Amino acid sequence: MANHEEQFKKLIAHTKEYGFIFPSSEIYDGLAAVYDYAPCGIELKKNIREYWWKSMVQMRENIVGVDSGIFMHPTIWKASGHVDAFNDPLIDNRDSKKRYRADVLIEEYIAKIEDKINKEVEKAAKRFGDAFNREQFVTTNPRVLEYGNKIKKISARMAHDLTVNDLTDLKKLIEELEIADPVSGTRNWTDIRQFNLMFATQIGSVSDEANTVYLRPETAQGIFVNFLNVQKTSRMKIPFGIAQTGKAFRNEIVARQFIFRMREFEQMEMQFFVAPGTELQWFEYWKEQRMKWHLSLGIPAEKYRFHDHEKLAHYANAATDIEYEFLFGFKELEGIHSRTDFDLSRHQEFSGKKIQYFDIERNESYVPYVVETSIGLDRMCLAVMSYAYNEETLPDGSERTVMKIPPVLAPYKVAVLPLVKKDGMPEKAREILSTLQKCYMCQYDEKDTIGRRYRRQDAIGTPFCVTVDTQTLQDNTVTVRLRDDMTQVRIAIAELNAFVAERLQ
Ligand code: GAP
């Protein structure tokens with residue numbers, strides 16, 4: 001773990017040094033849990049958003065998009081349940097004066113037990129070598145079983161306490177597990193209380209309660225309240241979906257882990273409207289589709305896992321998280337929820353407007369059921385950057401830091417580099433640049449040795465470096481150096497565009 005913490009610190013430093021992520025308002029000493037995307041970061045973020053939109057909207061006949069306002073009618077948040085129940089259970093340590101989410105403290109405790117299980121598995125794998133059967137080991141080893149049971153018991157009790165809002169028992173659980181404050185090391189805890197996460201502000205010039213509006217804590221409600229408008233204007237038939245990407249705001253009290261948990265972040269959400277009774281089939285469908293999307297980026301399958309919810313929100317009849325193994329362990333990256341007809345019914349009730357769909361095949365009207373997929377764009381950026389960050393020792397003993405970002409997501413696709421800054425090479429390189437720039441984000445660099453320039457491109461994850469040399473001036477060919485294995489191929493300038501396009505597919 002110490003090694004992972006070290007790696008995480010290095011990653012954060014790297015993303016700042018190479019222009020991916022900056023702390024917000026840095027010259028004023030920053031603003032906690034808010035970050036700015038730098039030139040490489042915005043390209044990465046934009047590419048992930050486009051990759052999602054392409055798969056969720058462009059390549060599907062039955063999903064369309066919206067871009068709703070961040071401010072919405074305040075009653076929307078009453079109807080959705082956010083005003084009354086969008087809370088975190090908070091607990092303070094009296095000695096360190098630090099505030100924590102009670103559920104997170106318990107989850108961290110569970111993660112430590114999971115670490116112990118992993119260590120047992122590693123030890124056994126070493127001991128038994130090729131004959132090791134993981135499945136058999138974890139289902140029969142008494143110590144692993146004991147750890148597993150302990151996790152189950154703790155999770156079930158926490159889920160129950162959160163569901164019935166039994167904060168006294170939740171505190172008791174923390175005490176029984178002897179969870180200590182990581183800062184002070186003491187167990188001098190206050191009682192747990194609920195804290196609403198929405199940011200409120202005033203609209204217009206008069207500041208009274210009637211003018212209170214909220215910064216949306218999720219983009220989903222902007223989809224629900226536009227359901228009828230979109231269905232009618234786009235002539236959509238159930239089953240169909242509405243997608244939206246955009247900012248969401250939560251007054252996260254425990255905001256740590258870089259861009260994993262921010263107060264201002266971006267979501268990519270899709271609500272899929274289905275006939276009542278078919279939602280669980282669609283839930284399975286979207287689970288599979290979303291996992292396929294993640295795996296299509298070439299990130300190994302073992303970095304992902306599903307985590308089915310034990311504690312279902314009162315409006316959901318199935319829910320799972322796609323978790324990614326960040327440098328601080330497996331954590332939620334995306335949520336897939338079967339939200340029943342809760343949201344649309346509540347908006348029908350609170351607005352007094354009928355929100356129904358007439359199903360020609362069933363010859364009946366109903367409030368559609370909804371299956372939601374919701375992924376945090378910033379978390380996805382963090383997942384990609386964590387996977388991509390590599391420190392390598394090369395065969396000649398030198399070191400390089402390379403961001404092995406999936407090429408389709410890389411901020412810059414091509415760097416064009418004249419071998420030397422004379423003999424007409426810069427002019428030729430700029431000619432190539434101006435052609436490629438029409439299709440791709442490119443960089444031009446003529447400063448320093450070619451080796452150093454390659455390293456700079458490795459550090460920001462550019463998959464292709466095109467070098468113009470003496471031979472280029474004679475026969476219009478260039479070398480293309482590939483980021484991941486550093487091999488080089490010589491190709492005609494005329495083939496460059498197709499070469500890059502093929503590898504970005
Ligand atoms: N509409 C459903 C919804 O908002 P959620 O699980 O609260 O569900 C969905 O959020 C996703 O949004 C999460 O899986 C996560 O990726 C992202 N997310 C939530 N809170 C976040 C935060 N404070 N900072 C960054 N991303 C966050």
Side-chain angles (χ1 to χ4, degrees), residues 21 24 31-35 37 45 48-49 52 66 68 70 72 76-77 79-82 85-88 101 103-104 107 162 195-199 214-225 241-272 283 286-287 290-291 293-294 304-309 311-316 318-324 326 328 330-340 342-344 346 370-386:
I21 312 281
S24 160
L31 181 66
V34 184
Y35 289 89
Y37 281 76
K45 193 176 180 190
I48 295 176
R49 194 189 295 110
W52 183 87
V66 290
S68 66
I70 284 173
M72 294 195 284
I76 288 174
W77 304 111
S80 67
H82 284 82
F86 192 50
N87 300 322
D88 271 350
R101 264 176 63 178
D103 53 336
V104 171
E107 274 163 14
L162 290 171
F195 176 90
N196 193 284
L197 295 181
M198 280 198 296
F199 285 102
Y214 300 99
L215 274 75
R216 65 179 179 202
E218 61 171 14
T219 61
Q221 299 302 324
I223 295 179
F224 293 128
V225 297
I242 305 178
Q244 161 152 246
T245 67
K247 285 271 172 110
F249 305 82
R250 295 182 188 177
N251 194 3
E252 300 280 3
I253 292 308
V254 185
R256 273 179 291 154
Q257 293 158 329
F258 193 36
I259 56 170
F260 180 81
R261 199 178 300 286
M262 299 156 86
R263 297 207 164 104
E264 176 182 343
F265 58 98
E266 193 164 335
Q267 289 185 316
M268 306 191 286
E269 299 202 295
M270 192 279 301
Q271 311 295 326
F272 200 69
F283 174 74
W286 281 110
K287 258 178 93 168
R290 291 305 304 146
M291 187 57 98
W293 181 85
H294 286 282
Y304 292 95
R305 72 180 185 195
F306 283 113
H307 173 243
D308 295 332
H309 288 208
K311 176 202 165 207
L312 285 177
H314 58 281
Y315 52 79
T320 195
D321 293 336
I322 294 181
E323 292 188 338
Y324 180 79
F326 290 95
F328 37 84
F330 272 100
K331 295 275 175 211
E332 175 185 345
L333 171 59
E334 169 157 10
I336 300 158
H337 312 122
S338 172
R339 296 178 73 126
T340 66
F342 174 81
D343 301 272
L344 291 183
R346 294 277 288 190
V370 173
V371 175
E372 163 186 81
T373 72
S374 173
I375 173 169
L377 178 48
D378 310 272
R379 277 194 198 175
M380 189 61 199
C381 284
L382 182 57
V384 170
M385 291 190 302
S386 321

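Fair warning: this is a prediction, and the values are worked out from it, not measured in the lab. Order of listing sets the numbers, starting from 1, for every ligand and every atom in it.
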field: Heavy atom of Gln221, distance to ligand 1 below 4.0 Å
entry: no

query: Should Gln271 be counted as touching ligand 1, given the test is an N or O pair under 3.5 Å?
result: no

- prompt: Between Asp378 and ligand 1, is there a nitrogen or oxygen pair with a distance under 3.5 Å?
  reply: no

query: Do any nitrogen or oxygen atoms of Glu269 lie less than 3.5 angstrom from nitrogen or oxygen atoms of ligand 1?
result: yes

query: Going by the angle between their ring planes, with limits at 30° and 60°, are Phe326 and Phe328 parallel, tilted or perpendicular?
result: parallel

message: For His337 and Tyr315, I'd like to know if the aromatic rings sit close, meaning centre-to-centre distance below 6.0 Å.
response: no

message: Out of Met380, Arg250, Met268, who is nearest to atom 7 (O) of ligand 1 when you count heavy atoms only?
response: Arg250

- request: Verify whether one side chain among Thr219 and Glu269 offers a donor that lies under 3.5 Å from an acceptor in the other.
  value: yes

message: Is it the case that ligand 1 has an N or O less than 3.5 angstrom from some N or O of Gly376?
response: yes

message: Quick check on the 6.0 Å ring-centre criterion: do Phe260 and Phe258 meet it?
response: no

message: Under 4.0 Å from a heavy atom of Glu334: which atoms of ligand 1 are those, numbered in the order shown and with their elements?
response: 14 (O)

message: With heavy-atom distances below 4.0 Å as the criterion, list the atoms of ligand 1 near Ala220.
response: 1 (N)

- request: Could you say whether the N/O atoms of Leu333 and ligand 1 ever approach to under 3.5 Å?
  value: yes

- prompt: How far is atom 10 (O) of ligand 1 from its nearest protein heavy atom, and which residue and atom is that?
  reply: Gln267 NE2, 3.4 Å

- prompt: For atom 9 (C) of ligand 1, which protein heavy atom lies nearest, and how many Å away is it?
  reply: Ser374 OG, 3.0 Å

- request: Give, for atom CZ of Phe283 and atom CD of Glu372, the distance between the pair rounded to the nearest 0.5 Å.
  value: 11.0 Å

message: Given Leu382, which partner from the list Ile259, Leu377, Ile21 fulfils the side chain to side chain contact (heavy atoms under 4.5 Å, CB included) test?
response: Ile259

Cation-pi, Trp293 ring and Arg290 (6.0 angstrom, 45 degrees): yes

Between Glu218 and Ser374, a side-chain donor and acceptor under 3.5 Å: no

message: Going by ring pair (Phe, Tyr, Trp, His ring centres under 6.0 Å), His82 matches just one of Phe249, Trp77, Tyr214. Which one?
response: Trp77

- prompt: At what distance is the nearest protein heavy atom to atom 6 (O) of ligand 1, and which residue and atom is it?
  reply: Glu332 OE2, 3.1 Å

CD-CD distance between Glu332 and Glu334, expressed to the nearest 0.5 angstrom: 9.0 Å

- prompt: Which ligand 1 atoms does Glu218 reach within 4.0 Å, using its non-hydrogen atoms?
  reply: 1 (N), 2 (C), 3 (C), 4 (O)

- prompt: Are the side chains of Thr245 and Glu266 in touch, meaning some heavy atoms are under 4.5 Å apart?
  reply: yes

field: For atom 18 (N) of ligand 1, the protein heavy atom that lies nearest, with its residue and separation
entry: Phe265 CE1, 3.5 Å

- request: Please write down residue, atom name and distance for the protein heavy atom closest to atom 24 (N) of ligand 1.
  value: Met262 N, 2.8 Å

- line: Ranked by distance from atom 15 (C) of ligand 1, the top protein heavy atom is Arg379 NH1, 3.5 Å

query: Which atoms of ligand 1 sit under 4.0 Å from any heavy atom of Arg339?
result: 1 (N), 2 (C)

task: Provide, to 0.1 Å, the distance between atom 2 (C) of ligand 1 and the closest protein heavy atom, together with that atom's residue and name.
output: Glu372 OE1, 3.1 Å

query: For atom 25 (C) of ligand 1, what's the nearest protein heavy atom and its distance?
result: Phe260 O, 3.2 Å

- prompt: Does Arg305 count as lying over the ring of Phe330, i.e. NZ or CZ under 6.0 Å from the six-ring centre, within 45 degrees of the axis?
  reply: yes

